[in-house]
Amino acid sequence: MNRPFGQDVDQSANRSGTGSDNAAWTSGLLRDLGDPSRRFRFRVESVWQSLLRCLKEEQDFGRPALWAPVVLIAGIAGYFFLPNEPAAIAFYASAALAAGVAWRLATTGRSYAGAACLFLFLSGMAAAKHETDRDLAPRIDGTLFASVIGTLERVEPAKRNRLRLTVRPIAIEGLAEAALPARIRVSARRNAGQLRPGTTVSFRARLQPPSGPVYPGGFDFSRSAYFDRRGAGGFVIGSVSVVPKAQTEQAGLAVLQASIERFRTAFADRIAASLPGQKGTIAQALIVGQRQAIPEAVAEDLRIAGLAHILAISGLHMVLLTGSVFWVTRALLALSPRLALDWPVKKWAAGIALLAGLGYLLISGASVATQRAFIMVAVAFFAVFLDRPALTMRTLAVAAFVVALIYPHTVMGPSFQMSFLAACALIGLSEWVTARLPARVDAAASLPVRVWGGIRLYALGLLVTSFLAGAATGPVAAYHFHTLAPLGLLGNLLAMPIVGLVIMPMGLMACLAIPFGLDLPFFWLMGIGIQSVTSLAHWVAGLSEGVEYTGLIPLLTPVLAAAGLLWMTIWRTGLRWAGLGFIALGLSVAPLASVPDVLVSRTGEAIAVRPASGPVSILRKGTAAFEARIWLRAHADNRSERDRSLADGVACDSNGCTYNLPVGPIGQTAATQVIALSLEREAMWEDCHRADILVTRHRVPDFCPRPSVVLDRNRLERTGAVSISFDEEGRPLVTPARGKSTRPWHDPTPFLDQAQRPGMP
């Protein structure tokens with residue numbers, strides 16, 4: 001009997017014939033399965049049917065809709081990876097066309113998922129392009145020594161008894177009004193007088209354009225400065241003077257912002273007076289978001305111990321604050337039986353907690369990370385208003401969608417990526433546990449038994465959540481910061497109870513007690529908690545010494561790891577386990593990153609050299625500490641940027657430095673590339689005759705004969721930082737940080753009107 005394979009299987013559900021018919025059907029199926037080709041087709045058909053059943057079940061759960069913010073974010077990321085700036089109309093027209101196709105397919109009853117995804121992807125690109133056009137502002141195009149008059153927007157304490165000032169310029173010497181940056185940021189010595197936001201100040205400063213990546217492929221600082229509308233940075237020469245009775249016109253929003261900043265500055269001063277020293281700087285970071293004054297050694301200990309997240313006012317702090325206010329408010333309202341029975345006290349508590357979160361947002365400086373955290377908390381409390389579960393994957397998806405639309409550029413930063421991945425992992429775990437382990441409360445148990453059970457449950461929850469959050473954010477942290485927290489689980493397990501039960505509650509009580517002058521005891525207790533956490537971080541960091549830096553890893557690693565995590569947490573059926581394949585693939589390519597042999601700073605004042613055998617050496621003369629620190633991490637080198645061994649093999653004098661780098665074919669006698677760093681013009685002519693690679697902060701004349709690679713001021717201004725690798729024949733391969741990119745954050749000049757170009761008289 002000839003029949004299509006699987007026909008009897010499909011008709012078996014309707015078969016109700018005699019026993020002989022059933023026997024014939026069974027023998028036919030066995031014969032089919034005995035044929036290898038038919039057996040393979042049977043397995044493929046079974047897998048396909050299982051896949052369709054899983055997709056149908058996921059659709060019944062409404063899970064496919066959770067991919068909407070993921071596709072939107074992918075479109076935003078796609079925009080930022082474009083090599084050249086596109087036209088806005090291309091995105092708007094394409095998105096409108098995709099929306100029309102999706103609507104047409106939906107109205108005719110056909111599947112419109114593909115067209116909807118295309119619309120979301122193009123909408124993400126359009127949103128990013130709109131933000132880029134909106135934030136376009138002038139910036140200076142080179143080093144500038146000038147007198148500045150401007151309005152103080154923000155005053156923040158910084159390291160080494162300095163201040164970091166954010167200024168909205170009114171006039172800059174040598175620049176036309178149309179060429180003024182929207183704001184600049186400078187470092188200044190602490191004045192004897194008080195500098196308050198909203199006042200008009202004058203000073204003389206050395207200004208530079210915002211810096212780009214420290215190495216090709218690294219984090220682009222010029223992009224973050226662009227979306228902050230900062231067109232210059234530098235330091236004040238001399239002191240800052242307050243302009244008396246300056247007549248400056250300010251809009252209502254600017255006046256409100258200045259009032260909030262003055263309040264924050266006064267708040268920070270009160271914290272410093274109550275908690276002097278290192279504990280006060282950390283308290284300022286936790287309450288008002290001022291982190292610049294924290295000593296680098298303390299920040300590094302917290303980072304290695306996996307506790308750096310407590311310094312950034314984001315989801316953790318917002319949840320601790322609003323959650324505490326919500327719980328206390330609801331408990332107090334529930335003390336009245338009439339209120340508890342007749343009125344929605346839960347919604348009242350949610351509203352009060354939301355107002356507390358808004359106040360914390362304003363006091364903390366309203367950074368993008370804090371705004372994102374507030375949006376997530378607001379979405380959760382609005383779910384309470386609507387009698388919906390507050391912490392679900394849908395809530396997280398709505399928050400991610402809103403944040404990505406309002407601040408598209410943040411999706412490229414580690415803060416957005418790590419916070420949402422951690423939240424996604426934790427909510428996914430919560431959904432999985434809730435579906436399988438329903439909560440049980442033994443009302444007959446004694447109070448000590450219930451208390452001990454609660455403590456054990458809290459410890460277990462802290463252990464699991466710390467591990468899961470660390471695993472979810474580890475690849476992103478390794479890519480952006482080249483660091484891992486190998487003992488982060490231990491650090492969080494020891495420190496987070498102190499943060500949640502001592503530091504944040506005492507900080508909240510201190511803030512409430514300030515108007516009554518009773519804040520000192522609470523700040524004292526908060527300081528004890530801070531000291532305990534920093535001591536624990538130092539101890540855990542010491543245990544991790546030598547294994548905390550990962551070096552460069554390819555972009556594919558965090559992308560695949562994030563895709564795997566999203567796949568495992570968004571889907572609820574057996575489809576989720578395919579995400580393990582994405583994660584495994586991402587981790588497998590992590591060691592494949594190409595590490596350059598030479599790195600050159602954008603200013604031409606420092607060079608990092610990595611010989612084939614041996615540690616990194618750095619050519620510099622007392623500068624580029626920031627670049628050196630990042631270069632060492634990128635090379636998985638755990639030495640400090642001040643380590644004297646960084647000068648091994650480097651010959652320096654007052655005019656510059658040289659280094660002989662062995663390169664050449666593998667297995668043969670290595671040739672030597674002479675790398676020269678010329679700091680003074682007097683050394684340039686000599687280096688032109690002996691160096692193979694010449695780097696200088698000056699302009700090199702055209703008749704420089706010997707060097708095969710010349711990186712002078714002219715070229716570095718176009719390329720930014722540069723990496724150099726040598727092929728098997730010893731030929732240098734130069735990779736610029738900017739390449740041929742024409743994005744506005746690298747140079748906004750071509751995108752500005754001719755009359756607004758910086759430097760115009």
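Keep in mind the model is a prediction, meaning the values are calculated, not measured.
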Looking only at side chains, do Arg189 and Ser239 share a donor and an acceptor under 3.5 Å apart? no

Could you tell me whether Glu627 and Arg620 have a side-chain N and a carboxylate O separated by less than 4.0 Å? no

Scanning both residues in full, the closest heavy-atom pair of Leu307 with Ala537 reads CD1-CB, 4.2 Å

Could you check whether any side-chain heavy atom of Pro744 comes within less than 4.5 Å of a side-chain heavy atom of Glu85, counting everything from C-beta outward? yes

Suppose we screen for salt bridge (Lys or Arg N to Asp or Glu O under 4.0 Å). Which residues come up paired with Glu641, at least two apart in sequence or across chains? Arg629

Can you list the residues that meet the side-chain hydrogen bond (donor to acceptor under 3.5 Å, both in side chains) rule with Glu296, with sequence neighbours excluded? none

When rounded to the nearest 0.5 angstrom, what distance separates CD in Gln208 from OG1 in Thr603? 7.5 Å

Does the side chain of Leu694 come within less than 4.5 Å of Leu711's, by heavy atoms? no

Would Leu195 and Val240 satisfy side-chain contact (heavy atoms from CB on, under 4.5 Å), going step by step from the backbone distance to the final call? CA-CA 9 Å; Leu195 296 177; Val240 179; 4.1 Å; yes

Nearest 0.5 Å, please: how far is CG in Asp597 from CD1 in Ile724? 9.0 Å

Backbone N or O of His746 within a donor-acceptor pair of the Arg139 side chain at under 3.5 Å? yes

Closest heavy-atom pair, Met418 versus Phe481, reported as atoms and distance to 0.1 Å, is SD-CE1, 4.1 Å

Once rounded to the nearest 0.5 Å, what's the spacing between atom CG of Asn714 and atom NE2 of His698? 12.5 Å

For residues Phe203 and Val186, determine if any side-chain heavy atom of one lies less than 4.5 Å from a side-chain heavy atom of the other. yes

Are Trp631 and Val214 side-chain neighbours, meaning at least one heavy-atom pair lies under 4.5 Å? yes

If we ignore hydrogens and angles and just use 3.5 Å, is the side chain of Asp220 paired with the main-chain N or O of Ser222 as donor and acceptor? yes

If only atom types and distance count, is the side chain of Thr557 paired as donor or acceptor with the main-chain N or O of Gly586 below 3.5 Å? yes

Taking side-chain hydrogen bond (donor to acceptor under 3.5 Å, both in side chains) as the definition, give me every residue that meets it alongside Arg185, ordered by chain and number, with sequence neighbours left out. none

Residue among Phe626, Trp745, Phe227 satisfying ring pair (Phe, Tyr, Trp, His ring centres under 6.0 Å) with Phe221: Phe626

Taking everything shown except His480 itself, do over 12 heavy atoms lie less than 6.0 Å from its NE2? yes

If we check side chain to side chain contact (heavy atoms under 4.5 Å, CB included) with Val734, which of these qualifies: Val598, Val722, Val600? Val722

Where is the tightest heavy-atom contact between Val595 and Leu552, given as atom of each residue plus distance? CA-CD1, 4.3 Å

Evaluate side-chain contact (heavy atoms from CB on, under 4.5 Å) for Leu646 paired with Arg639, printing each intermediate quantity in order. CA-CA 8 Å; Leu646 293 176; Arg639 290 177 294 172; 3.4 Å; yes

Is there a side-chain contact (heavy atoms from CB on, under 4.5 Å) between Ile503 and Leu286 once you walk through the steps? CA-CA 9 Å; Ile503 295 178; Leu286 295 174; 3.5 Å; yes

Side chains of Ser678 and Asp687: is there a donor and an acceptor less than 3.5 Å apart? yes

Ring of Tyr215, cation from Arg602 - is the NZ or CZ under 6.0 Å from the centre and inside 45° of the axis? no

Minimum heavy-atom separation for Pro210 to Gly231, with atom names? CD-O, 3.7 Å

Residue pair Gly306 / Asn492: nearest heavy atoms and the distance that separates them: O-ND2, 3.1 Å

Contact between Leu555 and Val559 at the side-chain level, heavy atoms closer than 4.5 Å - yes or no? yes

Is the backbone of Val700 close enough, under 3.5 Å, to the side chain of Arg713 for a donor and an acceptor to pair up by distance? no

Flag the pair Arg699 and Asp712 as a salt bridge only when some basic side-chain nitrogen lies within less than 4.0 angstrom of an acidic carboxylate oxygen. no

Yes or no on side-chain contact (heavy atoms from CB on, under 4.5 Å) for Leu592 and Leu556, after CA distance, side-chain angles and deciding distance? CA-CA 10 Å; Leu592 303 181; Leu556 199 58; over 6 Å; no

Describe, in one word, how the ring planes of Phe416 and Phe420 are oriented to each other, choosing from parallel (under 30°), tilted (30 to 60°) and perpendicular (over 60°). tilted

If you take all heavy atoms of Ile271 and Ala283, which pair is closest and at what distance? CG2-CB, 3.7 Å

Modelled atom types, side-chain donor and acceptor of Gln417 and Tyr479, under 3.5 Å: no

Pi-cation contact, Phe80 with Arg223 (under 6.0 Å, within 45°): yes

Could you grab the distance from atom OG of Ser645 to atom CD1 of Ile618, nearest 0.5 Å is fine? 9.5 Å

Going by an N to O cut-off under 4.0 Å, is there a salt bridge joining Arg697 and Glu680? yes

Thr473 side chain vs Ala422 backbone, donor-acceptor pair below 3.5 Å: no

Please report the interatomic distance CZ(Phe145) to CZ(Arg206), rounded to the nearest 0.5 Å. 5.0 Å

Inter-residue atom distance Ile184.CD1 - Ile140.CD1, 0.5 Å rounding: 8.5 Å

Tell me, do Lys159 and Pro295 make a side-chain contact under 4.5 Å, heavy atoms counted? no

Are Leu677 and Leu679 packed together at the side-chain level, in the sense that at least one heavy-atom pair is separated by less than 4.5 angstrom? yes

Checking salt bridge (Lys or Arg N to Asp or Glu O under 4.0 Å) between Glu156 and each of Arg291, Arg164, Arg162, which is the one that passes? Arg164

Apply salt bridge (charged side-chain N to carboxylate O under 4.0 Å, His left out) to the pair Glu173 and Arg204, showing each step before the final yes or no. CA-CA 9 Å; Glu173 181 183 1; Arg204 186 165 182 81; 3.1 Å; yes

If we only count heavy atoms from C-beta on, is the Ile304 to Val540 side-chain gap below 4.5 Å? no

